[in-house]
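What follows is a single structure, written as structure tokens, with notes after it.
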Amino acid sequence: MKRIDLRTLMFVQAVVAFFIPVYYHLMVVYKLNSTAPVWIAIILLAVVSWLKKNSDVMDEYAKKTIQIADAVCFRAALIFMGIILFPFLLLDGTSPYLTGYLLTDGIFILVLIRAVVFYRIDKNGME
């Protein structure tokens with residue numbers, strides 16, 4: 001069986017994370033009360049887990065690259081969630097839907113940033 005490289009795995013995780021805001025949008029707009037999205041999420045998580053199991057073995061360089069990508073995303077999460085999103089939770093009259101959209105889109109953006117940072121460092125090297 002062909003091994004999956006880590007770059008591909010990062011972008012597969014970003015595609016799966018894209019479904020978080022899509023799911024939220026469907027729940028808000030169409031007021032769906034189905035359990036089908038939960039089963040779809042379980043299947044997607046199982047696929048990602050299987051892909052992780054069949055991905056290339058991480059060497060020291062890949063571990064360091066992932067640590068750097070995670071550190072960048074952590075800083076971005078602190079800025080986004082702490083400075084931008086948290087005040088929306090404290091303000092009166094703020095739409096809960098707006099806060100939900102910001103949160104779900106923020107999760108997707110953070111996973112996408114992680115994938116892009118990992119790709120750039122892996123492609124160009126740590127300079």
Which heavy atom in Pro87 sits nearest to a heavy atom in Gly82, and how many Å separate them?
CD-O, 3.8 Å
Tell me, with the steps shown, if Arg114 and Val72 meet side-chain contact (heavy atoms from CB on, under 4.5 Å).
CA-CA 8 Å; Arg114 181 178 186 237; Val72 169; over 6 Å; no
Parallel, tilted or perpendicular for Phe108 and Phe18, by the 30°/60° rule?
perpendicular
With rounding to the nearest 0.5 Å, note down the distance linking CE in Met81 to CG in Leu102.
9.0 Å
Please report the interatomic distance CG(Asp122) to CD1(Ile66), rounded to the nearest 0.5 Å.
9.0 Å
Side chains of Ile121 and Lys64: closer than 4.5 Å at any heavy-atom pair?
no
Calculate, to the nearest 0.5 Å, the distance between atoms OG1 and OH belonging to Thr65 and Tyr119 respectively.
13.5 Å
Heavy-atom closest pair (Val117 atom, Ala69 atom, distance to 0.1 Å) is CG1-CA, 3.7 Å
Rounded to the nearest 0.5 Å, how far apart are CD1 of Ile40 and OH of Tyr23?
9.5 Å
With hydrophobic residues grouped by side-chain heavy-atom distances under 4.5 Å, do Val15 and Phe118 end up in a single group?
yes
Considering only residues two or more places apart or on different chains, which pairs with a residue in residues 75-89 satisfy side-chain hydrogen bond (donor to acceptor under 3.5 Å, both in side chains)?
none
Side chains of Gln13 and Val48: does their closest heavy-atom pair fall under 4.5 Å?
yes
Partners passing side-chain contact (heavy atoms from CB on, under 4.5 Å) against Leu26 (at least two apart in sequence or in another chain):
Val22, Tyr30, Leu32
List the atom of Val29, the atom of Tyr101, and the distance in Å for their closest heavy-atom pair.
CG2-OH, 4.0 Å
Quick one: do Ile68 and Phe74 end up in the same hydrophobic cluster if we chain Ile, Leu, Val, Met, Phe, Trp and Tyr together by side-chain heavy atoms under 4.5 Å apart?
no
Single-linkage hydrophobic cluster, 4.5 Å side-chain cutoff, Met10 and Val16 together
yes
Check: Ser49 side chain, Leu45 main-chain N or O, donor-acceptor pair, under 3.5 Å
no
Are Val47 and Phe19 connected, step by step, through hydrophobic side chains (Ile, Leu, Val, Met, Phe, Trp, Tyr) whose heavy atoms are closer than 4.5 Å?
yes
Enumerate the salt bridge (charged side-chain N to carboxylate O under 4.0 Å, His left out) contacts for residues 14-26, please, sequence neighbours excluded, ordered by first and then second residue.
none
If you group Ile, Leu, Val, Met, Phe, Trp and Tyr by side-chain heavy-atom gaps below 4.5 Å, do Val116 and Val111 land in one group?
no
Please report the interatomic distance CG(Leu103) to CG(Leu98), rounded to the nearest 0.5 Å.
11.0 Å
Quick one: CH2 on Trp39 to CG on Leu44, what's the gap to the nearest 0.5 Å?
13.5 Å
